[in-house]
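Notes follow once the structure below has been shown.
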Amino acid sequence: MTELDQVVRILSAFFTALVIIYIIAKMVGEKRKATWFKKRTKSTIFTRRGVLGETWHFGVPCKWQGFVVSFLMFSIIGVVSYFMIFAV
């Protein structure tokens with residue numbers, strides 16, 4: 001396996017992780033994200049996000065449902081990334 005092949009695998013795993021985060025964010029919905037996760041209340045020019053940034057941003061889990069969503073999301077990303085980088 002060449003170095004370029006490794007770079008392509010890592011980048012594809014990264015972009016797949018972003019797609020997984022986007023899909024889970026849309027499945028959970030903004031209303032449930034607001035109740036299950038705590039977002040930062042103070043906003044400055046350095047912490048503003050765009051449309052995708054707000055969609056991808058969950059915040060810190062504050063309810064048990066938030067912890068479950070976070071654990072499942074990290075587990076799915078970890079397993080898919082492992083298979084994309086090492087097993088394929």
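Side chains are part of it too, since the values below use all heavy atoms of this structure and drop only hydrogens, waters and symmetry mates.
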- Message: Under the rule for ring-ring contact (aromatic ring centres under 6.0 Å, His included), what residues qualify as partners of Phe14, not counting sequence neighbours?
- Response: none
Using residues 60-70 as the side-chain source, report each donor-acceptor pair under 3.5 Å to any protein atom, sequence neighbours left out, with the distance given to one decimal.
| unit_1 | atom_1 | unit_2 | atom_2 | d |
| --- | --- | --- | --- | --- |
| Ser70 | OG | Gly66 | O | 2.9 |

Distance check, rounded to the nearest 0.5 Å: [X] atom [atom1] versus [Y] atom [atom2]?
| X | Y | atom1 | atom2 | result |
| --- | --- | --- | --- | --- |
| Phe86 | Gln6 | CZ | CD | 9.0 Å |
| Asp5 | Ile10 | CG | CD1 | 10.0 Å |
| Phe15 | Ile20 | CZ | CD1 | 13.5 Å |

- Task: Heavy atoms only: give me the nearest Phe58-Ile24 pair and the separation to one decimal.
- Result: CZ-CG2, 4.2 Å
- Message: Applying side-chain contact (heavy atoms from CB on, under 4.5 Å) to Thr16 and Ile77, what does each step give before you reach the verdict?
- Response: CA-CA 8 Å; Thr16 304; Ile77 290 171; over 6 Å; no
- Which residues pass the side chain to side chain contact (heavy atoms under 4.5 Å, CB included) test with Ala13, sequence neighbours left out? Ser81, Met84, Ile85
- Message: With clusters defined by side-chain heavy atoms of hydrophobic residues (ILVMFWY) lying less than 4.5 Å apart, directly or transitively, does Val79 cluster with Phe74?
- Response: no
- Spell out, yes or no, whether Ile76 and Leu18 are grouped together once hydrophobic residues are joined by side-chain heavy atoms under 4.5 Å, including indirect joins. yes
- Walk me through it: do Phe37 and His57 pass the test side-chain contact (heavy atoms from CB on, under 4.5 Å)? CA-CA 10 Å; Phe37 297 91; His57 182 246; over 6 Å; no
- Can you tell me which residue pairs pass the side chain to side chain donor-acceptor pair (under 3.5 Å) test with a partner in residues 19-30, sequence neighbours excluded? Glu30-Lys33
- Query: Under a single-linkage rule joining Ile, Leu, Val, Met, Phe, Trp and Tyr whose side-chain heavy atoms are separated by less than 4.5 Å, which residues share a cluster with Met27?
  - Reply: Val19, Ile23
- Query: With sequence neighbours left out, what residues match Lys39 under salt bridge (Lys or Arg N to Asp or Glu O under 4.0 Å)?
  - Reply: Glu54
